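What you are looking at is a predicted structure, and each value in this text was computed from that prediction instead of being measured. Order of the sequence lines sets the chain letters (A, B, ...), proteins ahead of strands, with each chain counted from 1.
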Amino acid sequence: MTKATYREAVRAGLREALLGDPRVFLMGEDVGRYGGAYACSRGLLEEFGPERIRDTPLSESAFVGAGIGAALGGMRPIVEVMTVNFSLLALDQIVNNAATIRHMSGGQFSVPLVVRMATGGGRQVAAQHSHSLEGWYAHIPGIKVVTPATVTDAKGMLLAALKEPDPVFIFEHAYLYPTEGELDESAMVDLTRAAVRRSGRDVSIVTFGGSLWKALEAADRLAGQNIDAEVLDLRSLRPLDTSTILASVAKTHRAVVVDEGWRTGSFAAEVSAQIMEGGFYDLDGPVARVCSAEVPIPYPKHLEDAALPNVAAIVQAVRQLVKSRG
Amino acid sequence: MSLEIDRTKALDLLRQMLRIRRFEEKAAELYSLGKIRGFLHLYIGEEAVAVGAMQAFTQEDALVATYREHGQALLRGTPAGTLMAELYGKANGCARGRGGSMHFFDASRRFYGGMAIVGGGLPVAVGLALADKLQGKTRLTACFFGDGAVAEGEFHESLNLAALWKLPVLFLCENNRYAMGTALARHQAQPDVTLKAQAEGVAAEAVDGMDVLAVEKATKRAAESVRGGNGPYLLEYRTYRFRAHSMYDAELYRTKEEVEQWKQRDPIVIFEGQLREWKCLTSEDLAAMEAAIAAEIAAAVAEAEAGPWEPVEDLTKDVYTSEQF
Ligand SMILES: Cc1ncc(C[n+]2csc(CCOP(=O)(O)OP(=O)(O)O)c2C)c(N)n1
Ligand SMILES: [Mg+2]
């Protein structure tokens, strides 16, 4: 185990991938000279050269589409879209090409593409730079959607994604880049299983990505109030590890789902429905959700804090649910 | 060289450039103090572009700008205090504090933002011009964007649409040579923006964006053509950003020498020199100008400081309206 920041872990993953496979290359806006908008690729241009660390124009549709083409053509591209906000300009390529080509071609073609992007709010960058759309992407069959929350996953899921024959979208919460954690180099990192980050008896807090840390903090506070919360990190939204969720709920009988997406049509709604379908008779009360308020994310801190899921709201949702216990 | 414009007008151009510069220097200082947060993209070095260009518009014309829009908004007449309050995120800001630095709006001055997705303003500008054309109005829509935006499909699609439908749009490309850390020549096989415009059927020319008089002249000419019903026009202002892309970046992508060389062409210093040469400007004039600007900015900061925060209960206000339209 070594200490590393999330961004160092991503960089370590990129380096290992580039060193290990000559087919791997990285492309995206400002990944080279600038060193990456979040400094994840700092130093890689110098080490690997401009053929493999490719700065692109501001042409999201073209370079994501080119990633699809390069993957079809035998390479293992890693495409960095600076943030999920800008991935909207590449939606056509993602939804109509990346996600469909295998099935639509009768299984003839593989698109082994990895797309990384920053996601999430909490940095006071207002309505056009604070989207959390990973749940939205998880709606689409044909792509895989993962949300590494720990430094070990930040590195490990990238490497695991490169072994996949199908397109994998990695959502890195922008808030996490400077945070530090234990990087476990020997961990066997998979792309499919949810992880119990804290075990507990009274309630399951189900979450992913940047919200994991809020959920863990809420669980700490709840412990002081005699409520023993289990915290589940989904890690992958598609495919979704429903059995781990249901096993947790079977134990705790209560679930609160925390998701930075907007509440209506959120990924939390999907998790809730899965619990309803597969764990209804285990429940002692309705599934609760803590999501973002239904508003474009505002700039001032007090409003942004109120718009996004926060520790106090998670604690309150759990207390509300547990209040009824006999 | 002799005086090309009258003294009052000349001093006003200088004053406007200085006003933007000092406003932003203060904003940068307030950012370090934590009063302003999020992204803050400074226009420092590029002031001649907005100041020169805005001389060509009337209050009837519409403006669409980017996240680097403090200068345009100040010139448009939105009070400095209202803009400073927006930077603070206060409810007395020009967008009730909800937008911050990247999202200035002012309906009363037909200032349509403050758009922070690169290229995202161009189609909207086309639509504003379409609305004018359909309503038989002769005003124009001016749309500012950076050199980075020319790489987006929306740039090409918008120019074509505007040319095809002969819409009264002025496309104003602020070519400061970099899109964040990527130099124009490193992201465009054809780095001449005017040739791209011409290929879309849009009349275009490039101007020295460090020369406020040249910018004014070219923009007035282009605006006249657009007002004359000849369809859209593109101007490429060749300029330079003296500061980081946003408040901080490591500036790995350019040398200190390059920045220093461009600073030799500081549009304010150059114009000041010209005015002195033409005997239009004395040290007393300049001192008086600086003092008035300093007072205005101090008052703007006070207004921002004193402004109220929007109540949390109003968080979801204005997502929709229930008012009849
Ligand atoms: C579609 C999109 N992609 C990426 C970004 C991130 N980004 C913000 S500004 C910028 C550079 C834009 O450069 P340019 O258009 O030249 O404007 P400048 O900042 O130089 O004024 C980038 C890449 C964005 N805001 N929108
Ligand atoms: Mg630029």
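Side chains of B:H41 and B:S101: no donor on one and acceptor on the other come within 3.5 Å. A:T119 and A:E134 share a side-chain donor-acceptor pair at under 3.5 Å. Under 3.5 Å, the side chains of A:Y34 and A:E29 contain no donor-acceptor pair of N or O atoms.
Chosen from B:G148, B:A95, B:G181, the residue pairing most often with chain A at heavy-atom distances under 4.5 Å is B:G181. When each of B:R37, B:H245, B:E154 is checked for heavy-atom pairs under 4.5 Å with chain A, B:R37 comes out on top. When the candidates A:H129, A:K301, A:R123 are compared by the number of heavy-atom contacts under 4.5 Å with chain B, A:H129 comes out ahead.
In this structure, the portion of A:E294 lying under 4.5 Å from any heavy atom of chain B is its backbone and not its side chain. With a 4.5 angstrom heavy-atom cutoff, A:E304 does not touch chain B via any of its atoms. With a 4.5 Å cut-off on non-hydrogen atoms, B:V312 touches chain A through its backbone and its side chain both. Interface remark: B:D318 contributes no atoms to any contact with chain A (heavy atom separation under 4.5 Å). A:A293 touches chain B through its side chain: at least one heavy atom from C-beta onward sits under 4.5 Å away, while N, CA, C and O do not. Heavy atoms of B:M180 lying under 4.5 Å from chain A belong to its backbone as well as its side chain. Within the 4.5 angstrom heavy-atom criterion, atoms from both the backbone and the side chain of B:I36 approach chain A. Neither the backbone nor the side chain of B:Y67 comes within contact range of chain A; no heavy atoms are under 4.5 Å apart. Interface remark: A:S59 contributes backbone and side-chain atoms alike to the contact with chain B (heavy atom separation under 4.5 Å).
Ion pair B:R186/A:D55 flagged as a salt bridge, since at least one NZ, NE, NH1 or NH2 atom sits closer than 4.0 Å to an Asp/Glu carboxylate oxygen. A salt bridge between A:E217 and A:R221 is present, with a side-chain N of the basic residue lying under 4.0 Å from a carboxylate O of the acidic one. One finds no salt bridge joining B:K90 and B:E303 here, because no Lys/Arg side-chain nitrogen approaches an Asp/Glu carboxylate oxygen to under 4.0 Å.
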Could you walk me through whether B:R68 and B:E174 pass salt bridge (charged side-chain N to carboxylate O under 4.0 Å, His left out), step by step?
-> CA-CA 10 Å; B:R68 203 184 293 286; B:E174 301 176 301; over 6 Å; no

Evaluate side-chain contact (heavy atoms from CB on, under 4.5 Å) for B:D147 paired with B:R177, printing each intermediate quantity in order.
-> CA-CA 7 Å; B:D147 47 295; B:R177 307 173 81 85; 5.6 Å; no

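You'll find the ring centres of B:H103 and A:Y299 outside the 6.0 Å limit.
The aromatic rings of B:Y240 and B:F242 sit tilted relative to each other, their planes meeting at an angle between 30° and 60°.
For residues 36-51 of chain A, the interface with chain B (any heavy-atom pair closer than 4.5 Å) comprises A:A37, A:R42, sorted by residue number. Residues of residues 78-88 of chain A having a heavy atom under 4.5 Å from any heavy atom of chain B, listed by number: A:M82, A:N85, A:F86. Within residues 250-259 of chain B, the residues approaching chain A closer than 4.5 Å by heavy atoms are, in numerical order, B:A250, B:L252, B:Y253.
Closest approach of A:A317 to A:V256, counting heavy atoms only: CB-CG1, 4.1 Å. Residues B:A189 and B:P191 approach most closely at O-CD, 3.4 Å, considering heavy atoms. Closest heavy-atom contact between A:P167 and A:A98: CG-O, 3.5 Å. The two residues A:P296 and A:W262 make their nearest non-hydrogen contact at CA-CZ2, 4.4 Å.
A:N97 meets the side chain to side chain contact (heavy atoms under 4.5 Å, CB included) test with A:I68, A:Q93, A:I101; sequence neighbours excluded.
Of the possible donor and acceptor atoms, none in the side chain of A:Q128 sits under 3.5 Å from a partner among the backbone N and O of B:M115. Judged by distance alone, with hydrogens and angles left aside, the side-chain atoms of B:K196 form no donor-acceptor pair with the main-chain N or O of B:V150 at under 3.5 Å. Between the A:Y6 side chain and the A:A174 main chain, no donor and acceptor come within less than 3.5 Å of each other.
Here the side chains of B:F104 and B:T78 are not in contact, with every heavy-atom distance at 4.5 Å or above.
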